[in-house]
Amino acid sequence: MKRVILCIAILLVIMLLCTASLVTTSRYQYVLTQEVRDLEQAIYQKTFEQLSAQAAALCQKWMEAEHVLIRFIRHTQLDEITSAMARLEMLAKYGDLSEFSAELGRIKSLLHHIYDSELPYLRNIL
């Protein structure tokens, strides 16, 4: 009987940790996607210096989020976003707006992919 109770307790802990990781991923995905959308809207409304500063702030938020997400998400996916975020500031600073906009779209896509790949769908399990 003790083994059954222990197995149920372990199962509940695993389910709680999985739910917590999914909620954390969802929260970061929502916040960072909103920041990227704000940056997309600011492309033609702000100067290159303002855009560069906003991109640097987004990169800083990503670095903070990455330290949390790295505990339960594959590193290769996070590294792709990190490299894209690192390019944003310089692209904005030197006025390469087409490449800047493309990187923002790529970041949004990667953020959505990370969240989608963490959902407990059959295609993600197999």
Side-chain angles (χ1 to χ4, degrees):
M1 188 65 184
K2 290 181 183 179
R3 291 180 185 169
V4 172
I5 293 174
L6 183 62
C7 288
I8 291 172
I10 290 172
L11 184 63
L12 287 175
V13 168
I14 290 171
M15 289 175 61
L16 179 69
L17 290 173
C18 290
T19 303
S21 72
L22 187 59
V23 167
T24 302
T25 304
S26 172
R27 183 173 43 105
Y28 279 121
Q29 187 257 348
Y30 177 78
V31 168
L32 290 168
T33 301
Q34 190 62 37
E35 291 283 332
V36 169
R37 285 188 184 134
D38 292 344
L39 204 52
E40 282 177 331
Q41 291 176 354
I43 287 178
Y44 298 108
Q45 298 172 354
K46 295 187 177 182
T47 65
F48 295 146
E49 291 81 20
Q50 292 171 332
L51 204 57
S52 178
Q54 193 172 353
L58 175 63
C59 187
Q60 183 62 34
K61 285 182 184 178
W62 168 250
M63 291 302 182
E64 293 167 2
E66 185 184 26
H67 287 295
V68 175
L69 295 174
I70 206 161
R71 294 183 180 119
F72 44 86
I73 294 179
R74 289 183 297 267
H75 295 239
T76 55
Q77 293 177 333
L78 298 177
D79 289 341
E80 285 183 52
I81 295 177
T82 301
S83 67
M85 288 282 188
R87 296 184 66 208
L88 284 180
E89 185 179 359
M90 288 302 133
L91 289 172
K93 186 175 183 177
Y94 293 112
D96 192 356
L97 296 182
S98 60
E99 188 73 25
F100 183 79
S101 181
E103 283 297 319
L104 288 176
R106 182 171 172 244
I107 289 169
K108 273 195 325 190
S109 175
L110 288 170
L111 286 170
H112 178 72
H113 176 70
I114 285 175
Y115 173 69
D116 191 50
S117 67
E118 292 299 311
L119 292 174
Y121 294 142
L122 186 60
R123 67 173 186 224
N124 293 337
I125 296 170
L126 299 177

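These values consider heavy atoms only, across backbone and side chains, with no hydrogens, waters or symmetry-generated copies.
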request  = Is it possible for you to say whether I43 and L39 belong to one hydrophobic cluster, with membership spreading through side-chain heavy-atom contacts below 4.5 Å?
outcome  = yes
task = Consider only side-chain heavy atoms of I, L, V, M, F, W and Y, link residues closer than 4.5 Å, and tell whether L104 and M63 are in one cluster.
result = yes
message = Using modelled atom types and a 3.5 Å cut-off, is there a donor and acceptor pairing between side-chain atoms of S52 and backbone atoms of F48?
response = no
task = Examine I73 and V23 and state if one hydrophobic cluster contains both, with Ile, Leu, Val, Met, Phe, Trp and Tyr joined whenever side-chain heavy atoms are less than 4.5 Å apart.
result = no
task = Is it possible for you to say whether L11 and I5 belong to one hydrophobic cluster, with membership spreading through side-chain heavy-atom contacts below 4.5 Å?
result = no
query = Is it true that Y28 and I70 fall in one hydrophobic cluster, defined by side-chain heavy atoms closer than 4.5 Å?
reply = yes
key: Where T24 and A20 come nearest, the two heavy atoms and their spacing   = OG1-O, 2.8 Å
ask   = Can you tell me how far the CG atom of L58 sits from the CG atom of L32, to the nearest 0.5 Å?
value = 6.5 Å
query = With a 4.5 Å heavy-atom cut-off, do W62 and L111 have their side chains touching?
reply = yes
ask   = More than 12 foreign heavy atoms under 6.0 Å from CZ of R74: is that the case here?
value = no
remark   = For L110, the side-chain contact (heavy atoms from CB on, under 4.5 Å) test, sequence neighbours excluded, returns E80, I81, R106
Residues that, via side-chain heavy atoms closer than 4.5 angstrom, fall in one hydrophobic cluster with Y121 = L22, Y115, L119
note = So the salt bridge (Lys or Arg N to Asp or Glu O under 4.0 Å) pairs with at least one residue in residues 111-124 (sequence neighbours excluded) are D116-R123
query = Considering all heavy atoms of both residues, which atom of F100 and which atom of A55 are nearest to each other, and what is their separation?
reply = CE1-CB, 4.1 Å
ask   = Got a second to check how far S109's OG is from I114's CD1, nearest 0.5 Å?
value = 10.0 Å
Hydrophobic cluster partners of L6 (side-chain heavy atoms under 4.5 Å) = I10, I14
inquiry  = Quick one, L17 and F72 - any side-chain contact, counting heavy atoms below 4.5 Å?
reply    = no
inquiry  = Could you measure the distance from the SG atom of C59 to the CD atom of Q54? Nearest 0.5 Å is fine.
reply    = 13.0 Å
Spacing of NE2 belonging to H67 relative to CG belonging to L78, to within rounding of 0.5 Å = 11.0 Å
ask   = According to the salt bridge (Lys or Arg N to Asp or Glu O under 4.0 Å) rule, which pairs have a member within residues 29-48, sequence neighbours left out?
value = E35-K61, E40-K108
Output a table of donor-acceptor pairs, distance under 3.5 Å, between side-chain atoms of residues 84-98 and any protein atom two or more places apart or on a different chain; print 'none' if there are none.
| from | atom 1 | to | atom 2 | distance (Å) |
| --- | --- | --- | --- | --- |
| R87 | NH1 | E103 | OE2 | 2.7 |
| D96 | OD1 | S98 | OG | 3.4 |

